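Residues: numbered from 1 along the sequence shown. Bear in mind the structure is a predicted one, so any value in this text is a computation, not a measurement. Side chains included, hydrogens not; waters and symmetry mates left out as well; all remaining heavy atoms used.
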Amino acid sequence: SRICVITLAEAHPLLQSGKTIKNINYQISANCSRLQNKVSGKSKRTCLFIFQMQGAQFLTELAPLCRISSSDGEEYTIYSCIRGRLIEVNENILSNPALLQEKPSTEGYIAVVLPKFEESKSITQGLLTQKEYEEVLLKRRSSAS
């Protein structure tokens with residue numbers, strides 16, 4: 001399927017350092033809140049295609065999705081990293097921010113994005129495999145020490 005679920009990477013400082021998440025804010029600017037994203041339209045569930053999607057915010061790779069503040073005063077901006085329509089944000093993490101750390105790849109997801117059909121193949125081809133990702137992390141750790 002083309003649906004992309006945005007989560008924190010396992011190497012993200014919020015998952016590695018034992019920090020406590022104080023606040024998650026989907027208000028990106030004075031005029032832009034990801035919480036105001038309202039998607040309507042028809043969907044054909046058997047093929048996971050979404051037709052006539054209206055109201056979904058369009059995101060670029062560098063579009064901020066939310067800001068996460070930790071109890072030590074650090075703030076992290078989480079970016080979309082892919083182009084597409086914002087299908088939903090996970091409002092459950094607002095009332096239970098610990099989900100981001102306890103279940104980052106399931107209930108603690110940040111958002112769901114649907115890339116354009118014609119771009120979805122190039123997006124998936126550009127993703128790292130688990131092994132490639134682990135190699136990147138190893139290189140990062142060895143260069144930092």
Side-chain angles (χ1 to χ4, degrees), residues 1-72 74-141:
S1 86
R2 295 181 4 223
I3 294 173
C4 298
V5 179
I6 310 299
T7 65
L8 287 180
E10 63 184 62
H12 194 282
L14 284 167
L15 300 181
Q16 294 297 312
S17 62
K19 295 182 177 195
T20 302
I21 296 174
K22 181 176 138 186
N23 182 35
I24 300 163
N25 191 351
Y26 283 110
Q27 185 76 37
I28 302 308
S29 68
N31 298 321
C32 180
S33 172
R34 300 298 181 211
L35 291 172
Q36 293 175 343
N37 187 68
K38 300 295 178 211
V39 179
S40 65
K42 299 176 184 175
S43 66
K44 184 176 180 183
R45 296 192 187 277
T46 56
C47 295
L48 288 175
F49 294 134
I50 297 184
F51 300 103
Q52 300 175 357
M53 189 173 14
Q54 298 173 350
Q57 296 174 14
F58 184 78
L59 304 171
T60 65
E61 299 92 327
L62 300 175
L65 288 170
C66 67
R67 292 190 176 79
I68 303 172
S69 302
S70 63
S71 55
D72 66 357
E74 289 286 329
E75 184 175 272
Y76 302 90
T77 301
I78 307 302
Y79 297 92
S80 171
C81 299
I82 59 169
R83 289 170 38 90
R85 298 267 177 204
L86 180 62
I87 302 301
E88 73 174 71
V89 295
N90 184 1
E91 294 184 39
N92 294 329
I93 61 175
L94 296 173
S95 58
N96 189 1
L99 285 173
L100 276 173
Q101 294 165 311
E102 294 167 3
K103 299 179 180 184
S105 60
T106 57
E107 296 167 51
Y109 72 96
I110 295 166
V112 177
V113 177
L114 182 68
K116 287 183 177 180
F117 181 77
E118 52 285 354
E119 293 179 9
S120 60
K121 189 172 184 177
S122 64
I123 289 170
T124 53
Q125 288 175 338
L127 297 175
L128 299 175
T129 65
Q130 182 67 30
K131 184 179 179 185
E132 291 169 332
Y133 175 68
E134 290 168 1
E135 289 171 0
V136 168
L137 293 179
L138 278 173
K139 288 178 186 174
R140 248 190 233 164
R141 288 181 188 130

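Annotation: side chain of N90 is in contact with side chain of Y26 (closest heavy-atom distance under 4.5 Å). Side-chain atoms of R140 and L137, non-hydrogen and from C-beta on, do get closer than 4.5 Å to each other. Side-chain contact between Y76 and I21: absent, with no pair of heavy atoms (C-beta onward) separated by less than 4.5 Å. Side-chain contact between C66 and I110 is present, with heavy atoms from C-beta onward closer than 4.5 Å.
Pairs passing the salt bridge (Lys or Arg N to Asp or Glu O under 4.0 Å) check and including a residue from residues 26-35, sequence neighbours excluded, do not occur. The side-chain hydrogen bond (donor to acceptor under 3.5 Å, both in side chains) pairs that include a residue from residues 107-116 are E88-Y109, K103-E107, where partners are two or more places apart or lie in different chains.
Remark: E74 pairs with no residue by the salt bridge (charged side-chain N to carboxylate O under 4.0 Å, His left out) rule, at least two apart or across chains.
Using modelled atom types, one side-chain atom of Q101 and one backbone atom of L14 make a donor-acceptor pair closer than 3.5 Å. A donor-acceptor pair under 3.5 Å links the side-chain atoms of R67 to the main chain of I28, judged by distance alone.
We find the CG-CG distance between L59 and L86 to be 5.0 Å, quoted to the nearest 0.5 Å. Put simply, CG on L8 and CD on E10 are 11.5 Å apart, with the number rounded to the nearest 0.5 Å. Atom NZ of K22 and atom OG of S71 lie 8.5 Å apart (nearest 0.5 Å).
Considering all non-hydrogen atoms of both residues, I93 and G108 come closest at CG2-CA, 4.1 Å. The minimum heavy-atom distance between L15 and A9, with the atom names listed, is CD1-O, 3.2 Å. Among all heavy-atom pairs drawn from I24 and P97, the shortest one is CD1-CB, 3.8 Å. Across every non-hydrogen atom of T7 and S105, the tightest pair is CG2-CA, 4.0 Å. Scanning all heavy atoms of the two residues, the minimum distance from Y79 to E61 falls at CB-O, 4.1 Å. Contact record, Q57 with C32: OE1-SG, 4.3 Å, taken as the closest heavy-atom pair.
Within a 6.0 Å radius of CG in D72, more than 12 heavy atoms belonging to other residues, nucleotides or ligands are found.
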Test side chain to side chain contact (heavy atoms under 4.5 Å, CB included) on I68 and L100; report intermediate values, then the result. CA-CA 10 Å; I68 303 172; L100 276 173; 3.7 Å; yes

Derivation and outcome, side chain to side chain contact (heavy atoms under 4.5 Å, CB included), residues L35 and E91: CA-CA 8 Å; L35 291 172; E91 294 184 39; 3.7 Å; yes

